[in-house]
Q: 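Let me begin by handing over the structure; questions about it come next.
Note: hydrogens, waters and symmetry copies are ignored here, and every other heavy atom, side chains too, is used. Just so you know, ligand 1 is whichever comes first in the structure, and atom 1 is the first atom listed for that ligand. On a predicted model such as this, the values are computed, not experimentally measured, just so you know.
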Amino acid sequence: MRVGVLTGGGDCPGLNAVIRAVTKSLIHHGHCEVLGIADGFEGLIGEAPRTRPLGWEQVSGILHMGGTLLGTSNSANPMKDAATLAQVGKNLLALGLDVVVAIGGDGTMSIAHGLGQRLGLACVGVPKTIDNDIALCERSFGFDTAVATVTDALRRIESTAYSHHRVMIVETMGRHAGWLALEAGIAGAADVILLPEIDYDLQTVIERCREREQRQRYTIVCIGEGAKERGGSLTVRERIAHSPDPVRLGGVGHVLREQLQPHLASEVRATVLGHVQRGGDPTPFDRVLATRFGHHAARLVTQGQFGRMATLQGGQIGSVPISEVANTQRKVPLDHELIAIARDIGVCLG
Ligand code: F6P
């Protein structure tokens with residue numbers, strides 16, 4: 001079989017570990033030929049598709065490396081118009097691919113599903129994202145590393161917060177899901193955690209900061225970029241037309257700073273962590289999870305189980321139909337154990 005491998009959407013730690021595991025398993029057990037597609041679906045758009053052979057050597061020594069050796073794009077849309085789609089169809093025929101392994105988030109799964117419906121492309125998916133928001137998957141690789149990075153940032157912020165008696169706001173990524181802010185907020189001992197799933201009441205946040213001004217004299221607020229005030233709107237950083245993810249969030253930490261400062265005696269500062277959360281070497285947990293996903297994806301390929309995404313449910317690796325994952329997101333349920341725990345240990349959730 002001739003198998004294409006691509007990484008789509010925002011990069012995250014562990015992509016190279018998946019590329020390595022899927023390629024080695026396909027070559028070793030599946031006796032397949034593997035082609036790496038450059039820059040996600042971008043590599044299939046245009047008159048000359050951009051691919052290169054992936055062999056044992058190309059994928060050796062990359063397990064620990066952040067980013068993706070194939071490159072990626074979170075704005076490429078092969079279905080943006082009929083001409084683009086037709087060209088992608090021609091390219092796929094010319095490449096002679098039997099199946100494409102698409103490593104990506106919900107945007108990538110939606111495109112894989114769309115190309116399956118419109119061009120008959122056979123795909124196998126692998127769930128990637130620091131946002132941990134892919135449906136029917138309890139943990140995507142990359143998330144554990146991002147939680148570790150944000151947790152470390154919160155500890156660093158705390159030492160400067162108590163020294164200056166300040167309210168320090170730390171904004172995380174995560175889009176419309178609060179998994180990253182919630183887990184890192186708990187791991188980093190944040191006093192206030194604000195999630196996209198729970199619109200915050202400004203007065204409640206002010207009161208918590210004031211209480212702490214009287215006692216500890218500093219406060220750490222961890223806020224997910226998709227959070228908003230009750231009755232307010234999302235803070236949008238950028239809009240990108242035709243992109244599978246047309247709204248880019250960012251800056252709500254600064255909005256909250258402006259809202260809080262007039263009501264507090266302490267100085268309020270905001271730090272937007274940004275892309276540092278997507279960078280760096282994957283944690284051992286992510287290396288192992290990425291390897292399990294890559295290995296399982298290769299099995300799906302060799303067993304001809306196309307249209308499915310590898311997943312983790314109840315700690316077990318398995319697979320689900322890509323059609324059930326496409327165009328949907330997994331948010332933090334309001335009855336999630338960590339929300340109850342956070343409340344019980346006195347964390348303000350706004
Ligand atoms: O989906 C991953 C992610 O890092 C989100 O958390 C964030 O909102 C978005 O990508 C940022 O995208 P960009 O790299 O285009 O700024």
Q: More than 12 heavy atoms of other residues, nucleotides or ligands under 6.0 Å from CZ of Arg239: yes or no?
A: no
Q: With sequence neighbours left out, which residue pairs that include part of residues 228-237 fulfil the side chain to side chain donor-acceptor pair (under 3.5 Å) condition?
A: Asp199-Lys228, Glu229-Gln259
Q: May I ask you to check whether over 12 heavy atoms, not counting those of Arg217, lie within 6.0 Å of atom CZ?
A: no
Q: Hey, is OH on Tyr162 packed in by over 12 heavy atoms from elsewhere, all under 6.0 Å?
A: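 12 or below, so no.
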Q: Considering only the protein, which heavy-atom contact is closest to atom 8 (O) of ligand 1, and what is its distance?
A: Glu225 OE2, 2.5 Å
Q: Give me the residue, atom name and distance of the protein heavy atom closest to atom 3 (C) of ligand 1.
A: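 Going by distance alone, atom 3 (C) of ligand 1 is nearest to Arg278 NH1, 3.4 Å.
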Q: Side chain, backbone, both or neither: which part of Arg248 comes within less than 4.0 Å of ligand 1 when only heavy atoms are counted?
A: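 Side chain only.
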Q: Does at least one non-hydrogen atom of Gly105 fall below 4.0 angstrom from an atom of ligand 1?
A: no
Q: Please report which non-hydrogen protein atom sits nearest to atom 16 (O) of ligand 1, along with the residue it belongs to and the distance in Å to one decimal place.
A: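 Protein heavy atom at minimum distance: Arg237 NH2, 2.9 Å.
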Q: Counting non-hydrogen protein atoms only, what is the nearest one to atom 6 (O) of ligand 1? Give residue, atom name and distance.
A: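 Among all protein heavy atoms, the one nearest atom 6 (O) of ligand 1 is Asp131 OD1, 2.7 Å.
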Q: Do Arg210 and Glu207 meet the salt-bridge criterion of a basic N to acidic O distance under 4.0 Å?
A: no
Q: Are Val22 and Val99 connected, step by step, through hydrophobic side chains (Ile, Leu, Val, Met, Phe, Trp, Tyr) whose heavy atoms are closer than 4.5 Å?
A: yes
Q: Under 4.0 Å from a heavy atom of Gly174: which atoms of ligand 1 are those, numbered in the order shown and with their elements?
A: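 Heavy-atom distances to Gly174 below 4.0 Å select 6 (O).
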Q: Between Met173 and ligand 1, is there a nitrogen or oxygen pair with a distance under 3.5 Å?
A: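 No, there is no polar N/O contact under 3.5 Å.
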Q: Checking a contact table here: which protein heavy atom is nearest atom 14 (O) of ligand 1, and how many Å away?
A: His275 NE2, 2.9 Å
Q: Measuring from non-hydrogen atoms of Glu238 to any atom of ligand 1, is the shortest distance under 4.0 Å?
A: no
Q: Please state whether Leu249 comes within less than 4.0 angstrom of ligand 1, counting heavy atoms only.
A: no
Q: Would you call the rings of His28 and Trp56 parallel, tilted or perpendicular, where under 30° means parallel and over 60° means perpendicular?
A: tilted
Q: Would you check if Arg292 and Leu312 make a side-chain contact, meaning some heavy-atom pair closer than 4.5 Å?
A: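 In short, these two side chains touch, coming nearer than 4.5 Å.
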Q: Does at least one non-hydrogen atom of Gln277 fall below 4.0 angstrom from an atom of ligand 1?
A: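 Checking ligand 1 against Gln277, which is what was asked, there is no heavy-atom contact under 4.0 Å.
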